[in-house]
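Input: a single structure, listed below in structure tokens.
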Amino acid sequence: MEGIGKINIWGFSPAIDLQDTASSECEKNINDVKINIDEEATDDLNMLMIAPADPRHIIKTMARAWRYNHKFLNFYLMETQTSILARDIMLLSIMLDWSEDIGIQERVELFLEIYGNICVREKTEKFIKERAYDLIRTITDYDESKSKLSKIIDVSHLKFRERDDLEFVFKFWRNPKNNYDIVKYWDYRLRCYYKRRFDYIENMCDWDYQMKLKPKADIINQKEFTKWRTTGQAFEVRESLYDRPNRVTATVEGMKEDGLTVAKWGYFSDIVVGPFIAFGCDTENKEYLKTANDFHVKTSQDVSEYNLRSYLYELENKKLYYEKEKKEEDEKQESKIEEIKEDNNNDKSNKGKNEEKEEMNNNEVDKEITESIKNISLSESNPINEASTSTSTSTSANTNNEVNINNEPTKEQNESIKEKQNKNRPLYADILDHSKLYLLPCEPTYTFSRKISRFRQKFDKIYISNSMVHRVKEYSTLLKPDGEMIIEMAKFMIELKDELLPEYDKKIMGMANEAGLILKKDVKIPEMKKSKSSTKKSDEIYKRAHLVFVFKSQA
């Protein structure tokens, strides 16, 4: 499939909460979400991801970890190329590294811009260069005090050569001298794909959208899909100039030059489906999925922004994200800021009045001083007054001391305050202190042949992308007796003909049965209805087409 490309930089299935595989097909309504935290569950949860192409599953699983239990999360990540692994680390750093003072909305915009655009703003390019320097220190020095991301990243499974490859990728992002003309590469890919039909590219995009993509994900807007197909820009979050190449999309592929195969940077990824599937197809807030006159009110970009905002909110606050309440809080903060501004303006306008009040107060102070001098003279003549005044001053001093003592909280009060704070704290600890990400080498045969004894029956969850599904039997030995294997299906592979979807599913079912796996839930695979003249496309294909298949090992 030439349009999908040789190397994937994003996945072709929505983000999955690996602790809740039952909702992998459809998100629950946020009003129906029940939180049952099991404080006694302290076992580690080991999860292996084979070529997911992006960190969407890690982000969603970490964001919703507080809903279930106190298990320690161990993520094992293996990609097909070092550049994709470096891209995953960059995107994770935007979501998890809170060392910089960046708001939630700005983080969401940065994430989407780097994730799905071939060109970015000047501000975003500066951010990539600065963050690349921090990531080099994270991989090479491995000092937790320098970056919060260093707390969860473990590079012990990587050889020094692979760490050097990661450093080489980060340096490529930083160095402006390295030529990376992404617009030229994108145009070249389009011309090679469409060939003679390149002049009718908009008609071809309309056909692919109406006949292939819309029946499967109608939330994706035709305008944003066509714009991405022609320009490579999926998420333009601001009305600004996008003229800088997004080096995070660069991958390496061997190309022939003078009879020799040379590794070169370029864009060898998807130009057909788009980056809308991961976060923009479904959400817990069903108001974003409403339609009016058979058209969706919100776009895929709106859904993606909401989902990422909810993940960031849950990571920080350990609460469900209700957008209405968040808007009310923002409005209250804005009203407070406006009141402060008004007070400052009133202070400036009332400077003259304050000066007059100060003069009046000074005159009153002078009168009080003269009266006190008269009282002192009378006290010198009467010794009884001295005693009375001394006792009064001593009592006043004592009362002042008692007030100061009462203002300072006692030990009992401090303990009660601490107890109240502990009750108000979320039950789940900080995710950065409660999870670990282990980076694995990008060679699956080497990784599992050398460490098969260490990883045998180790993982509770294994996710396999559709590009690595041919290794299902090999990976099944890594599952625990009660573990689950999640296999990405070909629902959004629009280059694949509809007649081949049932056959694809049957092959996966056959490989899973050979590996000793069974479906976690019953799935019916309807047959295509064929006629003598031609094959009729049935709506059952789109209704049946699953996002993933969840298998479990036979205990």
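Put simply, the side chain of Thr21 reaches to within 4.5 Å of the side chain of Ile486, judged on heavy atoms. In this structure, the side chains of Leu312 and Arg309 stay at 4.5 Å or more apart for every pair of heavy atoms. A 4.5 Å side-chain heavy-atom check between Asn466 and Met493 finds at least one atom pair inside the cut-off. Side-chain atoms of Tyr185 and Phe268, non-hydrogen and from C-beta on, never get closer than 4.5 Å to each other. Side chains of Leu496 and Leu501 form a contact here, defined as non-hydrogen atoms less than 4.5 Å apart. The shortest side-chain heavy-atom distance between Ile59 and Leu91 does not fall under the 4.5 Å cut-off. Contact annotation: the side chain of Arg229 approaches that of Asp208 to within less than 4.5 Å [non-hydrogen atoms, C-beta and beyond]. Put simply, the side chain of Thr82 does not reach to within 4.5 Å of the side chain of Glu162, judged on heavy atoms.
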Full working for side-chain contact (heavy atoms from CB on, under 4.5 Å) between Leu166 and Leu158 = CA-CA 10 Å; Leu166 283 174; Leu158 298 179; 3.9 Å; yes

For the pair Tyr438 and Phe75, evaluate ring pair (Phe, Tyr, Trp, His ring centres under 6.0 Å) and give the outcome as yes or no after the intermediate values.
-> CA-CA 6 Å; Tyr438 297 91; Phe75 297 94; 9.7 Å; no

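In this view, Tyr306 and Tyr288, Tyr321 satisfy the ring-ring contact (aromatic ring centres under 6.0 Å, His included) rule, not counting sequence neighbours. For Asp54, the salt bridge (charged side-chain N to carboxylate O under 4.0 Å, His left out) criterion is met by Arg56, not counting sequence neighbours. The salt bridge (charged side-chain N to carboxylate O under 4.0 Å, His left out) search around Glu27 returns Lys60, Arg64, not counting sequence neighbours.
Tested against Asn307, the residues Thr283, Asp282, Asn285 include a single side-chain hydrogen bond (donor to acceptor under 3.5 Å, both in side chains) partner, Thr283.
Here the straight-line distance linking atom CD1 of Ile114 with atom OG of Ser93 works out to 8.0 Å at 0.5 Å rounding. Taken from CH2 in Trp173 to OH in Tyr180, the straight-line distance is 11.0 Å, to the nearest 0.5 Å. Note that CH2 of Trp10 is 12.5 Å distant from CZ of Phe279, once rounded to the nearest 0.5 Å. Here Leu308 contributes atom CG and Glu109 contributes atom CD; the two are 11.0 Å apart, rounded to the nearest 0.5 Å. Here Ile118 contributes atom CD1 and Tyr267 contributes atom OH; the two are 7.5 Å apart, rounded to the nearest 0.5 Å.
Within the 3.5 Å criterion, the main-chain N or O of Val155 finds a donor-acceptor partner in the side chain of Arg163. With hydrogens and angles ignored, the 3.5 Å screen pairs a side-chain donor or acceptor of Asp302 with a backbone N or O of Thr299. No donor-acceptor distance shorter than 3.5 angstrom exists from the side chain of Gln81 to the backbone of Thr251, with no hydrogens or angles considered. Looking at Arg247, its side chain never comes within 3.5 Å of a backbone N or O of Arg174 through a donor-acceptor pair. One N or O on the side chain of Thr140 and one on the backbone of Ile136 form a donor-acceptor pair closer than 3.5 Å. The backbone N or O of Asn46 lies less than 3.5 Å from a partner atom in the side chain of Asp460, making a donor-acceptor pair. The main-chain N or O of Val273 is found under 3.5 Å from a side-chain atom of Asp270 such that the two form a donor-acceptor pair. Listed for the Asn513 side chain is a donor-acceptor partner under 3.5 Å among the backbone atoms of Met509. Judged by distance alone, the side chain of His57 and the main-chain N or O of Ile16 form a donor-acceptor pair under 3.5 Å. With hydrogens and angles ignored, the 3.5 Å screen pairs a side-chain donor or acceptor of Thr477 with a backbone N or O of Glu474.
Side-chain contact annotation: Thr249 with Asn246, donor-acceptor N/O pair under 3.5 Å absent. In this structure, a donor-acceptor pair under 3.5 Å is present between the side chains of Trp66 and Glu314. Judged by distance alone, the side chains of Tyr68 and Thr61 never bring a donor and an acceptor atom under 3.5 Å apart. Checked by atom type, the side-chain pair Ser465/Glu488 shows no donor-acceptor distance below 3.5 Å. With hydrogens and angles left out, the side-chain atoms of Tyr115 and Ser304 include no donor and acceptor closer than 3.5 Å.
For Glu284 and Arg67, the salt-bridge test passes: some basic side-chain N is under 4.0 Å from an acidic carboxylate O. Of the charged side-chain nitrogens involved, at least one lies within less than 4.0 Å of a carboxylate oxygen, so that Glu167 and Lys171 count as a salt-bridged pair. Salt bridge status for Lys506 with Glu503: absent, with no side-chain N to carboxylate O gap under 4.0 Å. Residues Lys264 and Glu253 are not paired through a salt bridge, judged by the lack of any N-O separation under 4.0 Å between the basic side chain and the carboxylate.
Summarising the local packing, NZ of Lys552 is surrounded by 12 or fewer heavy atoms from other residues, nucleotides or ligands at distances under 6.0 Å.
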